Trainee: 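Quick one: the structure is below, questions incoming.
Not measured: the values here are computed from a predicted model. Chain letters run A, B, ... following the sequence lines, proteins first, then strands; residues in each count from 1.
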There are 2 protein chains.
Amino acid sequence: MIAHQLLLTDNRRNVHSYTEENYIKTIYKLSADGAEVVNTNSIAEVLQTKAASVSDMLKKLSNKNIIHYVKYRGVTLTSEGQIKALQIIRKHRLWEVFLVNKLNFSWDEVHDIAEQMEHIQSPLLIKRLDEFLGYPTQDPHGDPIPTETGEIKHGRQRLAAELEINESGVVVGVRDTKPSFLQHLNKLGIFLGAQIKVKEKVEYDKSLEVSIEDNKSVLISAEVSKNIYVSA
Amino acid sequence: MIAHQLLLTDNRRNVHSYTEENYIKTIYKLSADGAEVVNTNSIAEVLQTKAASVSDMLKKLSNKNIIHYVKYRGVTLTSEGQIKALQIIRKHRLWEVFLVNKLNFSWDEVHDIAEQMEHIQSPLLIKRLDEFLGYPTQDPHGDPIPTETGEIKHGRQRLAAELEINESGVVVGVRDTKPSFLQHLNKLGIFLGAQIKVKEKVEYDKSLEVSIEDNKSVLISAEVSKNIYVSA
DNA sequence: GTTTAAGATTACTAACTGCTAATAAAATAT
DNA sequence: ATATTTTATTAGCAGTTAGTAATCTTAAAC
């Protein structure tokens, strides 16, 4: 088990500790995942910590005007918090692009490293990195990279699970970026940009038989099909 | 004023906190700078902290077998500590090369950023980075990059201050990497690889008049001349 | 050789984060 | 509507790092 904690005590406004940044990012992601209001336990689960610790931090982030927090009622990010979250996500995704495109990592290896790199403080570094990478708009998992000002293309179209029989789609992203999931996709031969076509839907367990690039067919579970985004 | 502190509580052996790593690096550098034994106050000065805090940390590092520590008598690194220090310095210098060669930073801008990046934990990342950079042997300030196993070319030849009148040398490194010093060199037109020739030595304040690349002449103070390394 | 100054250490306190246990509020079940 | 369960919060403690003040050790001065 690894626990990281970067503490940035800093006079500059708008610079938060390693831990604070991880909370901000987590709250953002849970919101984006559909939660109107993010509750304490879900944050604790993602961050592998206890609800009590989360409550403490929420109080702190609320005082810093990063979140709207009503006791027992969950939290949402303030606009300041959203901008902050998007800046962190921007850094994370740019570093992932760097790792894959420049250092030849595969998409299942980059998450943990980018998790560390996203906390490096230097706006100029990110500007230069962005330029060096050719201003990418997506990370290696198909997720959009927020702009410097915090704009981001939302609205991820359809899940593979929603494809009808004989319908095709191109893999444009994944909902889960855990190495175990991505390695499973590697083994199945599914990658970003691959064309998949549903050959059969198994009623019993909702699993799908899909062909990849009009080539070999594989069976994917409902769980897997719900974590793959396809173009319309 | 900035104070960073990355805390890595980790079950893996040989992984230390952000703060611990900074202490290890500082002790190494003070030793390399000629100190037989490193004393508490000098560490405190470099790390911009207080002697009392240093004493605490020394006790801790001693228990972890990173340093030899005798109270009131100063510290030296154990062989484990030296290896650890060289790994950190390796990372620091590789990232500096990346910043200068790939992201177009100048040599006076990279120190603070590399100071953060050197703490990223991923041996594979550093291996890939090294490869990506073409296995550089020196950083942008002319300092040697330790190998993966902790070997390093020591023995920096001569200081510009030691050049005789009419003697030439090529700038192969700098002893100080503070932005203020490097920016001063930029302004003087002195860079790594430049040939300099001593035209005159001012007895009064030991300053030197040197020509750069057989071109323009500039006056450099004794302080500056003692922070420039030249080839034999 | 005693006194003084410099350097280093300890004791205590504080900020940050995380834990457990106890408690409180909200949601659910009956 | 009350009881029960789930969820969240507070209180108190611990580990890490840093700061202040007081104390102790060593080195230097006379």
Side-chain angles (χ1 to χ4, degrees), chain A residues 1-12 15-27 30 35-64 66-76 115 119 121, chain B residues 1-11 15-27 30 35-64 66-76 115-116 119 121:
Chain A
M1 216 274 296
I2 309 178
H4 291 274
Q5 173 188 342
L6 165 59
L7 204 155
L8 293 146
T9 313
D10 197 306
N11 288 337
R12 286 174 299 177
V15 174
H16 300 91
S17 76
Y18 198 112
T19 310
E20 284 173 343
E21 290 199 344
N22 281 334
Y23 273 90
I24 295 167
K25 196 182 54 166
T26 301
I27 294 167
L30 289 170
E36 268 284 309
V37 145
V38 179
N39 53 345
T40 304
N41 276 345
S42 60
I43 297 171
E45 197 194 344
V46 173
L47 290 177
Q48 292 276 80
T49 181
K50 303 292 149 143
S53 308
V54 175
S55 280
D56 270 0
M57 181 57 91
L58 294 183
K59 222 178 294 168
K60 197 174 153 199
L61 290 176
S62 182
N63 288 335
K64 292 190 179 182
I66 297 296
I67 58 172
H68 295 295
Y69 175 44
V70 183
K71 281 202 292 199
Y72 295 101
R73 296 258 101 121
V75 297
T76 55
E115 202 82 351
H119 299 290
Q121 302 294 337
Chain B
M1 218 276 295
I2 310 177
H4 291 274
Q5 173 190 342
L6 166 58
L7 204 155
L8 293 146
T9 312
D10 198 307
N11 289 338
V15 173
H16 300 93
S17 75
Y18 197 113
T19 309
E20 285 173 342
E21 290 199 345
N22 281 335
Y23 273 90
I24 295 168
K25 196 181 55 165
T26 301
I27 295 166
L30 289 170
E36 269 284 309
V37 144
V38 179
N39 53 347
T40 306
N41 276 346
S42 59
I43 297 171
E45 198 194 343
V46 173
L47 291 176
Q48 291 276 80
T49 181
K50 303 292 149 137
S53 309
V54 175
S55 281
D56 270 359
M57 182 55 92
L58 294 183
K59 221 178 295 170
K60 197 172 154 200
L61 290 177
S62 182
N63 288 335
K64 292 191 178 182
I66 297 295
I67 57 173
H68 295 294
Y69 175 45
V70 183
K71 280 202 292 198
Y72 294 102
R73 296 255 101 118
V75 296
T76 55
E115 202 81 351
Q116 296 180 64
H119 300 290
Q121 303 293 338

Trainee: Indicate the atoms forming the closest heavy-atom contact of A:Thr19 with A:Met57, along with that distance.
Mentor: CG2-CE, 3.7 Å

Trainee: Please tell me if B:Tyr69 has a side-chain N or O lying less than 4.0 Å from either OP1 or OP2 of C:dT9.
Mentor: yes

Trainee: Atom NE2 of A:His119 and atom CD of B:Gln116: how far apart are they, to the nearest 0.5 Å?
Mentor: 11.5 Å

Trainee: In whole angstroms, how far is the P atom of C:dC16 from the CD atom of A:Glu21?
Mentor: 15 Å

Trainee: In whole angstrom, what separates A:Tyr72's OH from D:dT9's C1'?
Mentor: 4 Å

Trainee: Whole angstroms only, please: what is the CG-C1' distance between A:Leu47 and C:dC19?
Mentor: 15 Å

Trainee: Is there a side-chain contact between A:Lys71 and the phosphate of C:dA24, meaning an N or O under 4.0 Å from OP1 or OP2?
Mentor: no

Trainee: CG of B:Leu61 versus P of D:dT16: gap in Å, rounded?
Mentor: 12 Å

Trainee: Check whether any side-chain N or O of A:Tyr23 sits under 4.0 Å from OP1 or OP2 of C:dG18, and answer yes or no.
Mentor: yes

Trainee: Under 4.0 Å between a side-chain N or O of B:Asn41 and OP1 or OP2 of C:dA6?
Mentor: no

Trainee: So, taking the atom named CD in B:Glu45 and the one named CG in B:Asn39, what distance separates them when rounded to the nearest 0.5 Å?
Mentor: 10.0 Å

Trainee: Only counting residues at least two apart or in another chain, list the ones meeting side-chain contact (heavy atoms from CB on, under 4.5 Å) with A:Ser53.
Mentor: A:Tyr23, A:Thr49, A:Lys50

Trainee: Using a cut-off of strictly less than 4.0 Å, decide whether B:Arg73 has a side-chain nitrogen or oxygen near OP1 or OP2 of D:dA27.
Mentor: yes

Trainee: Going by heavy atoms closer than 4.0 Å, what residues in residues 49-59 of chain B are next to DNA chain C?
Mentor: B:Ala51, B:Ala52, B:Ser55, B:Lys59

Trainee: State which residues pass salt bridge (charged side-chain N to carboxylate O under 4.0 Å, His left out) with A:Lys64; sequence neighbours excluded, sorted by chain then number.
Mentor: A:Glu20

Trainee: With no hydrogens and no angle check, is any side-chain donor or acceptor of A:Ser62 less than 3.5 Å from a backbone partner on A:Leu58?
Mentor: no

